[in-house]
Amino acid sequence: YLPSIETRRSAHERLAVYFELVPLPAQIGANGPLQSDEQTVSISRALDEEPWQLQSACRWEALANYLSFLPLFEIACKNGREFEWMQYWQHILSAVKKGALPPVNVGSLYITGFRQLDPGEKTFLGGTLGQFLYNLDYFDAAQECFAEEGKEEAFIDDRFLRAGNINDQGLIARDRGYEQEALKLFEEATSILEEANSTETQQGERKHERRLLASILMNKVSVIRDSANSSQCRFILERALALMKETTGERSPEVATVLQGMGNLAEMQGDFREALALQIQAHAIRREQLGPEHRDVGLSLGNTANALA
């Protein structure tokens with residue numbers, strides 16, 4: 001209701017200053033960099049308001065410092081706010097392109113704090129931070145997080161975490177164009193879970209491991225589909241689909257992701273009728289489970305249109 005951009009920005013500036021002057025529990029009384037009153041912070045109005053007020057006031061440098069403060073980043077991720085954090089970074093990087101502030105290396109901002117953590121804290125946070133930086137295309141910083149995550153002895157003894165860590169490194173290698181290195185890592189991660197499952201069949205296989213195995217199989221297809229025969233890729237994806245249905249349900253968003261991958265493969269191989277049928281299935285599941293406004297529903301619509309074209 002304020003009459004001009006200047007007055008609105010000034011109001012946001014005053015609110016941002018207010019929240020900056022009210023220290024969060026994570027910023028006071030903490031015995032270590034990752035110790036804080038998480039419940040207090042997660043329900044704090046400041047956690048909701050301060051980054052938004054900083055963005056609205058165009059205080060980009062302060063917003064970058066806020067987002068890269070590791071205790072708040074950890075709590076934001078635990079509360080499912082990773083996508084919200086990414087959106088803030090996209091606004092900051094857009095401001096950089098417009099010349100509103102100097103270039104910002106998001107990876108360096110996080111890695112500076114990450115390197116100060118002790119080994120146990122790096123193991124605990126490395127996977128989450130690595131995934132976040134990977135999704136923002138800061139591959140060097142993500143790789144460092146994944147490498148540090150895998151150094152702890154207790155981590156090495158956990159096959160689920162070890163396979164997940166190797167899979168994450170494979171994704172980085174794949175996206176950098178090192179497909180043979182990526183394939184080697186995906187196969188190593190697969191073998192860890194396959195060996196565990198073969199020895200535990202009678203005791204009951206753990207669902208989270210089988211779900212991860214399904215994801216790794218999909219990643220494997222993403223690097224061999226250009227060189228492997230179509231029946232081999234199809235067999236791998238069908239196995240991934242069966243695993244995902246078993247562990248997440250017949251009509252879960254994860255099942256839709258596998259169906260989408262199968263549709264993309266069919267389209268690439270020229271089987272447009274099969275591709276269309278698979279993309280329609282994926283879209284129906286996502287619309288049912290996520291709602292019509294979800295971004296993944298839009299992605300499915302685009303894939304369906306491509307199959308029709």
Side-chain angles (χ1 to χ4, degrees), residues 159-160 162-164 166-171 173-175 179-290 294 296-297 299-309:
R159 61 173 175 257
F160 174 75
R162 183 155 51 98
I166 294 170
N167 177 60
D168 289 337
Q169 295 186 58
L171 290 172
R174 181 196 67 183
D175 290 355
E179 293 190 350
Q180 289 303 312
E181 179 184 346
L183 180 58
K184 182 179 178 181
L185 289 164
F186 291 144
E187 289 179 338
E188 181 182 354
T190 299
S191 67
I192 292 171
L193 297 177
E194 294 274 25
E195 180 181 358
N197 284 335
S198 66
T199 60
E200 293 187 0
T201 302
Q202 294 181 351
Q203 301 176 10
E205 299 165 344
R206 292 190 285 186
K207 281 189 175 182
H208 63 290
E209 291 183 359
R210 291 173 64 76
R211 178 176 172 179
L212 175 59
L213 178 58
S215 297
I216 296 170
L217 291 172
M218 291 181 61
N219 294 335
K220 182 178 178 180
V221 169
S222 72
V223 297
I224 68 171
R225 61 188 176 190
D226 292 332
S227 57
N229 61 62
S230 58
S231 60
Q232 180 185 1
C233 292
R234 176 78 185 199
F235 173 78
I236 294 172
L237 286 176
E238 285 177 346
R239 183 165 179 234
L241 181 62
L243 287 168
M244 206 63 90
K245 284 184 176 181
E246 176 191 337
T247 56
T248 67
E250 291 283 331
R251 297 184 65 79
S252 69
E254 293 80 7
V255 166
T257 298
V258 184
L259 290 170
Q260 173 185 295
M262 296 174 72
N264 291 340
L265 178 66
E267 182 178 342
M268 189 177 69
Q269 295 169 345
D271 190 346
F272 299 111
R273 186 182 297 274
E274 176 71 4
L276 179 60
L278 290 164
Q279 299 295 2
I280 289 175
Q281 288 183 63
H283 175 259
I285 292 172
R286 283 174 168 165
R287 185 179 178 87
E288 173 189 310
Q289 298 294 328
L290 303 174
H294 195 278
D296 287 349
V297 176
L299 176 63
S300 289
L301 282 172
N303 290 331
T304 303
N306 288 336
L308 283 169

Taking the side chain as C-beta and beyond, is there a heavy-atom pair between Thr304 and Leu276 under 4.5 Å? yes
In terms of side-chain geometry, is the basic nitrogen of Glu238 or Arg234 positioned less than 4.0 Å from the acidic oxygen of its partner? yes
CG of Leu217 to CG of Leu241: how many Å apart, nearest 0.5 Å? 11.5 Å
Neighbour count above 12 (heavy atom, 6.0 Å) for Arg211 CZ: no
Taking every non-hydrogen atom, the tightest pair across Arg210 and Leu243: NH2-CD2, 3.0 Å
Answer yes or no: is there a side-chain heavy-atom contact under 4.5 Å between Glu267 and Leu278? no
CA sep, side-chain torsions, deciding dist, call: Lys207, Glu254, salt bridge (charged side-chain N to carboxylate O under 4.0 Å, His left out): CA-CA 14 Å; Lys207 281 189 175 182; Glu254 293 80 7; over 6 Å; no
For Ala240 and Met218, which heavy atoms make the closest approach, and how far apart are they? CB-CG, 4.0 Å
Would you say that Lys245 contacts Ser252 through its side chain, given a criterion of any heavy-atom pair below 4.5 Å between the two side chains? no
Taking it one step at a time, do Ile224 and Gln232 satisfy side-chain contact (heavy atoms from CB on, under 4.5 Å)? CA-CA 9 Å; Ile224 68 171; Gln232 180 185 1; 4.2 Å; yes
Ala266 and Glu274: which non-hydrogen atoms are nearest, and at how many Å? CB-CG, 4.0 Å
How many angstroms lie between atom CD1 of Ile192 and atom CG of Leu212, to the nearest 0.5 angstrom? 9.5 Å
Going through the checks in order, is the side-chain contact (heavy atoms from CB on, under 4.5 Å) test met by Leu265 and Met268? CA-CA 5 Å; Leu265 178 66; Met268 189 177 69; 3.9 Å; yes
Stepwise side-chain contact (heavy atoms from CB on, under 4.5 Å) test for Arg159 and Arg206: CA-CA 11 Å; Arg159 61 173 175 257; Arg206 292 190 285 186; 3.1 Å; yes
Only one of Ile280, Leu308, Asn264 forms a side-chain contact (heavy atoms from CB on, under 4.5 Å) with Asn303, so which one is it? Asn264
How long is the span from the OG atom in Ser222 to the CG atom in Leu171, to the nearest 0.5 Å? 7.5 Å
Would you mind reporting whether Val255 and Glu250 have side-chain heavy atoms less than 4.5 Å apart? no
Looking at NZ of Lys184 and CD of Gln169, how far apart are the two atoms once the value is rounded to the nearest 0.5 Å? 12.0 Å
Minimal heavy-atom distance between Ile216 and Phe186, with the atoms involved, is CG2-O, 3.5 Å
Kindly indicate whether the side chain of His208, heavy atoms from C-beta on, has any atom under 4.5 Å from the side chain of Phe160. yes
Taking C-beta and beyond as the side chain, do Pro253 and Leu290 meet within less than 4.5 Å on heavy atoms? yes
Which atoms form the tightest heavy-atom contact between Ala256 and Ala282, and what is the distance? O-CB, 3.5 Å
Say you draw a straight line from CD1 of Ile166 to OG of Ser191; how long is it, rounded to the nearest 0.5 Å? 7.5 Å
Between Asn167 and Ala189, the two heavy atoms sitting closest are N-CB, 4.2 Å
If we check side-chain hydrogen bond (donor to acceptor under 3.5 Å, both in side chains) with Ser300, which of these qualifies: Gln279, His283, Gln281, Arg286? Arg286
Leu299 versus Gln260: any side-chain heavy-atom pair under 4.5 Å? yes
Asp271 versus Arg273: any side-chain heavy-atom pair under 4.5 Å? yes
